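What follows is a short report on a single structure.
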Amino acid sequence: MLKILMVDDEKWVRERFAQRIPWSEGGFTFMGAASSAKEAISMIEREVPHLLLTDITMPNMNGLELAAYVRKRWPRVRIVILTAYGEFEYARQAIELGVDNYLIKLAQTPEQILEACRKVAEDLEQELDIDHKLEMQLKLEREKEWARKRQWTERLLEGEGSMHELPVPSEWIAGVESASYVAGIMIGWRVTGDAGTSTEGSMETSAKIAAGQASTSVEELVHLQSQLAEVLAAKLDTQTLGDGNGMAILPLQHSQLLLLVGSKREVPAFHLNQLARIVQETVSSYAPVKSLVHIGSVEELEKPKWTGKLLADLMRKGSDGLAAYFYYEGEKPAIVLRRLDAQQTREWTAAVVKALQRENVEAFREAVSVMITLGVPPVHPGDLLRLTRQMLQPELVRLPDAVVARLSGIDRLTTWNTYCEWWLATIDAICEWWNQQAQPPVTVRKEIQWMCRYIREHYQADLQLAELAKLVHMHPSYAGQMFKQEIGENFLEYVNRVRMEKASEMLERTTMKIYEVSGAVGISDYRYFCKLFKSHTGVTPTQYKSKMG
């Protein structure tokens with residue numbers, strides 16, 4: 001609704017306009033009535049109205065003087081002059097000032113006054129509609145440009161050699177393109193969930209991310225990132241940066257910004273520290289986040305200046321500078337982080353993938369334990385997150401839908417605690433899924449469920465359908481028919497499948513001989529065991545043991 005403010009030095013007139021005119025029916029919100037031009041200006045400074053109704057004859061500053069002042073300072077505010085006089089001179093002066101209407105207040109009914117304001121509002125709404133469309137178009141263009149920047153910096157960090165020789169788009173480094181010295185201030189943040197400290201402009205985004213960063217969509221985090229970039233660009237103006245200094249801001253991933261501070265001369269360290277403090281305070285006051293900052297060293301630029309390689313180096317140094325915050329909540333510690341080499345990465349990945357493919361609970365938990373054990377020195381978080389994505393690829397291993405959905409949150413794990421919590425929940429989800437697959441559905445008759453559990457617990461025994469049917473008080477013939485109907489395979493097929501699953505685990509995890517495994521799963525005939533094993537796995541027990549070894 002359009003906001004309307006009126007000004008009149010007579011109390012009874014102010015009360016008449018406030019109480020007798022149905023503003024809401026005309027699409028207006030009545031902000032209040034000022035008793036003087038000075039009070040009106042003070043109210044407008046706090047909240048700008050769309051429409052101003054002002055009397056002419058007032059002490060100190062009359063309505064025409066107020067209209068001239070408002071027109072100059074707030075040119076978009078529409079103005080309607082109210083007066084008890086009908087002289088043409090007042091109307092002429094009002095027209096010269098560009099007011100939108102001129103009313104003799106005592107000669108108008110409340111309905112006529114409201115209708116006159118609606119006519120002014122119609123033109124205003126058309127302007128606002130055009131402005132809104134232009135604003136949305138500019139916003140869309142800014143979002144596209146921001147997406148291009150993010151894609152470009154991501155390609156740089158992925159280490160594409162072809163990118164390193166390309167010049168950096170000049171519009172992205174405007175302000176530092178001709179600098180002789182440059183320093184990178186890397187700012188990162190993690191969600192705290194306290195949306196009460198955010199400003200009005202960020203409240204909508206803040207409310208969405210207040211539940212925690214790991215559960216927030218990438219789109220919401222990127223939106224917050226672009227908002228913070230705009231706020232910082234406005235905050236760090238020429239005066240704040242200092243004479244002769246310039247700045248450019250580039251996005252990294254979804255929760256980091258690289259501030260490039262450039263100058264013709266070397267920037268003092270104390271000035272960079274001051275800028276970093278302003279950056280942290282600005283970010284923390286704008287959104288419910290805990291800001292993290294790393295100040296890079298001042299580097300002298302050589303020709304050719306801004307190449308992709310130069311920018312990639314600055315980004316990596318900044319990201320590495322923030323990496324230690326992954327393990328510590330407070331001040332940034334002075335620690336060295338361990339990088340994983342290719343061989344260790346292959347070994348850890350192979351162990352987890354193998355356990356997932358075999359659906360071996362114990363082997364899976366053991367293989368994953370290295371990922372959630374804090375070593376000395378700790379592993380670089382970038383390596384941990386990359387390795388986690390490699391281990392859990394739906395193209396390589398079968399995963400439950402709930403876990404596949406969780407994979408999108410890996411890059412949003414910003415602390416060691418949240419990372420470990422994510423893994424523990426993922427492990428439980430996978431193991432529970434395996435357990436549910438191993439057990440018959442709850443919709444299966446209780447007697448058949450009991451038979452399946454008995455088989456899994458006594459697979460090494462001489463299992464006979466007649467004996468199990470007797471235990472559940474069913475005729476053997478009827479029990480066999482019901483078992484096939486409920487489980488989808490007959491009694492012997494189910495027993496053999498369970499035995500082959502257990503045999504696979506033994507061959508993989510123990511040093512037992514093949515004939516020992518055969519006896520351990522309840523099959524005394526070695527040749528029959530080998531034939532049965534190959535029919536279930538596609539390979540002989542010897543080939544399987546060699547492959548798993």
Side-chain angles (χ1 to χ4, degrees), residues 1-138 200-201:
M1 299 180 74
L2 299 179
K3 294 175 289 186
I4 192 166
L5 173 68
M6 73 94 55
V7 191
D8 199 295
D9 61 334
E10 296 185 80
K11 183 178 180 181
W12 70 271
V13 175
R14 296 196 301 272
E15 291 177 348
R16 176 173 179 263
F17 271 74
Q19 298 172 8
R20 294 185 58 190
I21 300 177
W23 295 112
S24 60
E25 293 180 11
F28 294 101
T29 296
F30 190 72
M31 292 173 55
S35 60
S36 66
K38 181 179 179 180
E39 183 183 359
I41 292 172
S42 178
M43 293 175 70
I44 297 173
E45 286 176 340
R46 291 194 299 270
E47 184 176 8
V48 179
H50 294 99
L51 180 60
L52 175 68
L53 305 180
T54 178
D55 187 20
I56 288 185
T57 56
M58 295 185 296
N60 298 322
M61 178 187 283
N62 65 39
L64 296 178
E65 292 171 331
L66 173 62
Y69 180 85
V70 170
R71 178 67 69 205
K72 182 177 180 180
R73 187 169 174 187
W74 296 285
R76 299 181 70 86
V77 175
R78 295 304 183 99
I79 302 172
V80 173
I81 294 293
L82 300 171
T83 183
Y85 302 93
E87 291 89 341
F88 174 75
E89 180 59 24
Y90 286 123
R92 185 188 63 79
Q93 292 182 46
I95 292 171
E96 288 177 353
L97 289 171
V99 300
D100 297 275
N101 209 336
Y102 179 91
L103 300 175
I104 300 175
K105 56 187 178 184
L106 296 181
Q108 308 290 323
T109 65
E111 291 74 17
Q112 289 173 324
I113 293 173
L114 187 61
E115 179 61 25
C117 290
R118 278 304 314 159
K119 289 180 179 180
V120 175
E122 288 175 2
D123 293 338
L124 177 60
E125 286 170 343
Q126 289 182 1
E127 289 184 6
L128 292 175
D129 186 51
I130 294 172
D131 290 344
H132 178 69
K133 290 179 180 178
L134 290 174
E135 182 182 347
M136 293 302 294
Q137 183 178 353
L138 290 173
E200 183 179 354

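Because the structure is a prediction, the values reported are computed rather than measured.
For E25, the salt bridge (charged side-chain N to carboxylate O under 4.0 Å, His left out) test picks out no residue, with sequence neighbours left out. For A34, the side-chain contact (heavy atoms from CB on, under 4.5 Å) test picks out V7, E39, A40, M43, with sequence neighbours left out. In this view, R73 and I41, E45, Y69 satisfy the side-chain contact (heavy atoms from CB on, under 4.5 Å) rule, not counting sequence neighbours. Under the side-chain contact (heavy atoms from CB on, under 4.5 Å) criterion, S42 pairs with R46, sequence neighbours left out. With sequence neighbours excluded, the residues forming a side-chain contact (heavy atoms from CB on, under 4.5 Å) with K11 are R14, E15, listed by chain and number.
A distance of 13.0 Å separates CD1 in I4 from CZ in R78, rounded to the nearest 0.5 Å. Residue E115 holds its CD atom at 5.5 Å from NZ of K119, rounded to the nearest 0.5 Å. Interatomic distance, CE of M61 versus OG of S36, reported as 9.5 Å (0.5 Å rounding). With values rounded to the nearest 0.5 angstrom, I56 atom CD1 is found 11.0 Å from L66 atom CG. Note that the CG atom of L64 and the CZ atom of R71 stand 12.5 Å from one another [nearest 0.5 Å]. Remark: L53 CG to L5 CG distance equals 8.0 Å, nearest 0.5 Å.
Across all non-hydrogen atoms, the minimal contact from T54 to G63 is OG1-CA, 3.7 Å. Heavy-atom minimum distance, P49 versus M31: CB-SD, 3.5 Å. The two residues A67 and I79 make their nearest non-hydrogen contact at O-CD1, 3.6 Å. Counting all heavy atoms, side chain and backbone alike, C117 lies closest to F28 at O-CZ, 3.6 Å. Annotation for E65 and N62: closest pair N-OD1, 2.8 Å, computed over non-hydrogen atoms.
With contacts defined as side-chain heavy-atom distances shorter than 4.5 Å, the pair L2/L51 does not qualify. Residues I44 and V70 form a side-chain contact, since some pair of their non-hydrogen atoms from C-beta on lies under 4.5 Å apart.
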All N/O donor-acceptor pairs, side-chain side in residues 17-24, below 3.5 Å, sequence neighbours left out:
unit_1	atom_1	unit_2	atom_2	d
W23	NE1	F17	O	2.8

Legend entry - Worked verdict on D55 versus V13 for side-chain contact (heavy atoms from CB on, under 4.5 Å): CA-CA 10 Å; D55 187 20; V13 175; over 6 Å; no
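The 12-atom threshold is not exceeded at NZ of K38, counting heavy atoms of other residues, nucleotides or ligands nearer than 6.0 Å.
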